[in-house]
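Order of appearance sets the numbers: ligands from 1, and atoms from 1 within every ligand.
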Amino acid sequence: PQLLEEQERLIATLIEAHRKTYDASYSDFSQFRPPKRGDGSPECRNATNPFLMSLLNSDMDELPKASASGAEAAAGDELSMLPHLADLVSYSIQKVIGFAKMIPGFKELCTEDQISLLKASAIEIIILRSNESFTMEDNSWTCGSNEFKYQIGDVMQAGHKLELLEPLVKFQVNMKKLDLHEAEHVLLMAICLFSPDRPGVQDRCRVEEVQEHLTETLRAYIACRHPLSCKHMLYAKMVEKLTELRSLNEEHSKQYLQISQDAVNKEDLPPLLLEVFGNPTA
Ligand code: 6VH
């Protein structure tokens with residue numbers, strides 16, 4: 001089988017769209033609210049006794065005037081990574097939107113369907129694109145300096161449960177092992193976006209048409225570009241990843257609802273995040 005000229009162009013367009021929306025230098029990350037890691041410091045270990053801690057650690061014999069500050073520090077300590085990671089996710093959603101807009105066929109959909117597709121797939125595409133920063137060396141997402149190296153413990157400090165993060169890390173490891181070409185990586189993200197079975201999609205046929213065109217291109221690409229030794233079952237394995245993403249998505253929805261209810265500082269969640277993942281207080 002051969003890649004048609006049109007399929008070649010599609011791949012080139014997707015790669016260009018991804019490069020324009022994925023900054024592999026991660027230089028914008030310093031604009032997010034800073035990461036706060038409970039590093040086992042005394043303040044952190046004693047997060048349950050914020051008032052006692054502040055009295056023992058200062059010469060004052062009074063409780064801090066900003067009365068709620070102690071309690072907030074305690075609650076905020078548990079979700080200490082939330083502002084930074086919420087900013088990272090909000091930023092990533094903006095980039096995913098930029099990527100979507102450059103995929104042939106997306107802009108031709110009505111705005112309602114564009115929104116339905118983005119809302120449903122945003123977390124899945126973020127999980128996929130994050131594989132670029134994931135490293136099996138220490139199972140972290142490494143985005144430059146140590147400050148922007150995200151490990152499981154950091155994500156737990158944004159309120160996510162360990163038992164739900166393990167499948168996420170496993171997913172990242174298995175993705176890494178597929179060792180996808182850039183063409184395959186961007187096609188998978190586009191295929192994920194154009195899923196006709198997402199809630200609220202009106203023009204399912206149009207979405208399905210685009211998705212089929214993308215999957216056909218992926219099959220053709222694997223058939224003629226991927227080395228014989230490793231293309232075995234690759235397409236099937238990639239489709240399997242889409243299924244795993246659905247279940248990660250479902251778990252994320254539940255975790256997000258819990259986190260958004262637990263968050264003492266509602267400003268921790270940027271407005272775009274509330275719009276895409278839902279605002280339980282609205
Ligand atoms: C890429 F916790 O776009 C860019 F509050 O590759 C770089 F934030 O609940 C880096 F609210 O339930 C990168 F929804 C890394 F936002 C991605 C990572 C590392 C990118 C940090 C933790 C992330 C992970 C991908 C998904 C995961 C962001 C979390 C998603 C979230 C969230 C929030 C909210 C937050 C945690 C999770 C989860 C599962 C297991 C899916 C983003």
Any salt bridge between [X] and [Y], counting N to O under 4.0 Å?
X    : Y    : value
E166 : K170 : no
R33  : E267 : no
K241 : E244 : yes
E182 : R19  : yes

message: Could you walk me through whether Y221 and H181 satisfy the ring pair (Phe, Tyr, Trp, His ring centres under 6.0 Å) test, starting with their C-alpha distance in whole Å, then the side-chain angles of each, then the deciding distance to 0.1 Å, before giving a yes or no?
response: CA-CA 10 Å; Y221 180 91; H181 297 181; 5.7 Å; yes
Which residue holds the protein heavy atom closest to [atom], what is that atom called, and what is the gap in Å?
atom                    : value
atom 22 (C) of ligand 1 : V155 CG2, 3.6 Å
atom 5 (F) of ligand 1  : L82 CD1, 2.8 Å
atom 11 (F) of ligand 1 : L273 CD2, 3.2 Å
atom 14 (F) of ligand 1 : H252 NE2, 2.8 Å
atom 40 (C) of ligand 1 : L164 O, 3.4 Å
atom 17 (C) of ligand 1 : S130 CB, 3.4 Å

Backbone N or O of [Y] within a donor-acceptor pair of the [X] side chain at under 3.5 Å?
X    : Y    : result
K176 : N131 : yes
K237 : L178 : no
R37  : E147 : yes

task: If the plane angle is over 60° it's perpendicular, under 30° parallel, otherwise tilted; pick one for F148 and H84.
output: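 Geometry flag for H84 against F148: parallel rings.
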- request: Mind telling me whether F29 and F32 have parallel, tilted or perpendicular rings, with 30° and 60° as the class edges?
  value: tilted
query: Any chance the side chains of D197 and S195 put a donor and an acceptor closer than 3.5 Å?
result: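 The criterion, which ignores hydrogens and geometry beyond distance, is not satisfied for S195 and D197.
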message: Quiz question: by atom type and distance under 3.5 Å, do the side chains of Q151 and S140 form a donor-acceptor pair?
response: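 Note: Q151 and S140 side chains miss the donor-acceptor criterion.
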Look only at interatomic distance and state if [X] has a nitrogen or oxygen under 3.5 Å from any nitrogen or oxygen of ligand 1.
X    : answer
E251 : no
H160 : yes
Y150 : no
Q255 : no

From F277, W141, F171, F29 - option closest to atom 18 (C) of ligand 1 by heavy atom: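 Nearest heavy atom to atom 18 (C) of ligand 1 lies in W141.
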Just which atoms of ligand 1 are under 4.0 Å from any heavy atom in [X]?
X    : result
A86  : 8 (F)
L248 : 41 (C)
S133 : 6 (O), 7 (C), 10 (C)
L85  : 8 (F), 21 (C)
I126 : 42 (C)
S92  : 1 (C), 3 (O), 20 (C), 42 (C)
A158 : 2 (F)
I123 : 30 (C)

query: Can you tell which part of S260 has a heavy atom less than 4.0 Å from ligand 1: side chain, backbone, both or neither?
result: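 Neither; no heavy atom under 4.0 Å.
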query: How does Y22 reach ligand 1, if at all, at less than 4.0 Å between non-hydrogen atoms: by side chain, backbone, both, or neither?
result: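 It is the side chain that touches ligand 1; the backbone stays farther off.
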task: Would you confirm whether any non-hydrogen atom of the protein falls under 4.0 Å from atom 28 (C) of ligand 1?
output: yes
message: Counting neighbours of CD on E6 that are heavy atoms of other residues, nucleotides or ligands and sit closer than 6.0 Å, is the number greater than 12?
response: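 Yes, because the 6.0 Å sphere around CD of E6 holds more than 12 heavy atoms from other groups.
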